[in-house]
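Written below as structure tokens is the structure these notes are about.
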Number of protein chains: 2
Amino acid sequence: MPNVPSPTVHTDLRAHHRKLTRPRQAVLAIITAATRHLTPAEVYRQAKVQYPHLGLTTVYRTLDLLVELGYIQRIHLEEGCHSYAPTARPHGHHLVCSECGRAEEFAECDLDTLVRALQTRTGYEIQVHVLELMGRCPTCQTKSRPLRARKK
Amino acid sequence: MPNVPSPTVHTDLRAHHRKLTRPRQAVLAIITAATRHLTPAEVYRQAKVQYPHLGLTTVYRTLDLLVELGYIQRIHLEEGCHSYAPTARPHGHHLVCSECGRAEEFAECDLDTLVRALQTRTGYEIQVHVLELMGRCPTCQTKSRPLRARKK
DNA sequence: TCCTAATTGAAAAACGTTTTCAATTACTAG
DNA sequence: CTAGTAATTGAAAACGTTTTTCAATTAGGA
């Protein structure tokens, strides 16, 4: 049962003189239903099932569009930057293990106070923040501390 | 006045059977003196002044090495992922204007509570945090506000 | 139903990054 | 100080990802 695009998306698109095409529906269905962040290539592969004629170029363009409209957000990971995730889940920050690359996601970030103070002091209008934490995950802590962890 | 590599780096390298070569010295001088994050390409351009024969490949390799040794850290920004910044200066955070690229630096960041909570919850040993804020600086705010900033 | 602007996909170009490899270089042992 | 060796180098090529180009197609308002 293919995901029916929410009426809101439809309306939003119309408001911007954009069209709700079949390729877009396919991309939308995949990315909004995603339980984890997906790379454009992953979205492409999955959305092709629903609409086999889909082109990769269109996936990129649609993801851009959805970010613009605020339906999804672009996130940055250590390995192969640039994944996308539905905005529904309020914005995820990441805690990344610097040894094995494993990552945990967390939502809370108590930056409002800081952001407000900085806005006042600098006059900037702060729109986005990127917060990344790095450390060693429990598993890597148990392994002997690696003197020379060479990446293959 | 070319930056003399700190004796510590020298020692660290020797301990790992690595060499302190001229190309590495050039990269080291640039990245450790950087007042803001630099992309590999920027490091390349700047380090070439000191050592014109430098190759881009070597810049990538040296940056990797310095991250491994903990002298610099890789950070992720919205535009053109992957920049590097010296770890030395205990964390300077940046507030970057997304229009003109101007950046302010700030030191305070009240993440201790968050960090402690996350350590408890996830079992990670959190070592580093990167916090970047983006917005519009006062000057750019006075310029016409872009209703639909289309990326060129 | 027609018209037009928006959208599409394929191919090619443009990135940023990594790999390969023969030549060079810095350190170490003698 | 010199020779030997392993680490390092840069150019070129390979790579994967993202963007651009462009003619053909399509959705939705008139």
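A note on names: the letters A, B, ... follow the listed sequences, proteins ahead of strands, and every chain is numbered from 1.
In this entry the distance linking NE2 of A/H53 with C1' of D/dT26 reads 13 Å, nearest Å. C/dT25 atom P lies 19 Å from atom CG of B/L13, rounded to whole Å. Atom OH of B/Y60 and atom P of D/dG16 are 16 Å apart (whole Å). To the nearest angstrom, P of D/dT9 lies 12 Å from CG of B/D64. Between the CD atom of B/E42 and the C1' atom of C/dG16 there is a distance of 13 Å, rounded to whole Å. As rounded to whole Å, 14 Å separates atom P of D/dT9 from atom OH of B/Y44. Atom CG in A/L65 sits roughly 13 Å away from atom P in C/dA6 (whole-Å rounding). Rounded to an integer number of Å, the gap from NE2 of B/H16 to C1' of D/dT8 is 17 Å.
Between A/L69 and A/V9, every side-chain heavy-atom pair lies at or beyond the 4.5 Å cut-off. Residues B/L65 and B/L13 are in side-chain contact: their nearest non-hydrogen atoms beyond the backbone lie under 4.5 Å apart. Counting only heavy atoms from C-beta outward, the side chains of A/R18 and A/R24 approach each other to under 4.5 Å.
Note that CG of B/L133 and CG of A/L118 are 6.5 Å apart. Values are rounded to the nearest 0.5 Å. Residue A/R45 holds its CZ atom at 12.5 Å from CG of A/L54, rounded to the nearest 0.5 Å. If you take CG on A/L28 and OG1 on A/T62, they are separated by 8.5 Å, rounding to the nearest 0.5 Å.
Here the nucleotide nearest the side chain of A/H10, chosen from D/dG28, C/dT8, D/dT9, is D/dG28. Among the nucleotides C/dA10, D/dG29, D/dG28, the one closest to any side-chain atom of A/L20 is D/dG28. Here the nucleotide nearest the side chain of A/T21, chosen from C/dA26, C/dT8, D/dT19, is C/dT8. Closest to the side chain of B/P40, from the set C/dT17, D/dA11, C/dA26, is C/dT17. Each of D/dT19, C/dT8, C/dT17 was ranked by its minimum atom distance to the side chain of A/P23; first place goes to C/dT8. Picking from C/dA26, C/dA10, D/dT17 the nucleotide with the shortest atom distance to the side chain of A/R61 gives C/dA10. Nearest nucleotide to the side chain of B/R14, out of C/dT28, D/dT8, C/dT8: C/dT28.
Closest-nucleotide positions on DNA chain D for B/R22 and B/T57 were compared, and the one nearer the 5' end corresponds to B/R22.
The side chain to side chain donor-acceptor pair (under 3.5 Å) test applied to A/R14 returns A/H10, not counting sequence neighbours.
Closest approach of B/Q50 to B/A26, counting heavy atoms only: NE2-CA, 3.7 Å.
A/L56 comes within 4.0 angstrom of a nucleotide base, judged by non-hydrogen atoms across all strands. Within 4.0 Å (heavy atoms only), B/Y51 reaches sugar-phosphate atoms of the nucleic acid but no base atom.
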With 3.5 Å as the limit, what N/O pairs link the protein to nucleotides 5-7 of chain D?
unit_1	atom_1	unit_2	atom_2	d
D/dA6	N3	B/K19	NZ	3.3
D/dA7	N3	B/K19	NZ	3.3

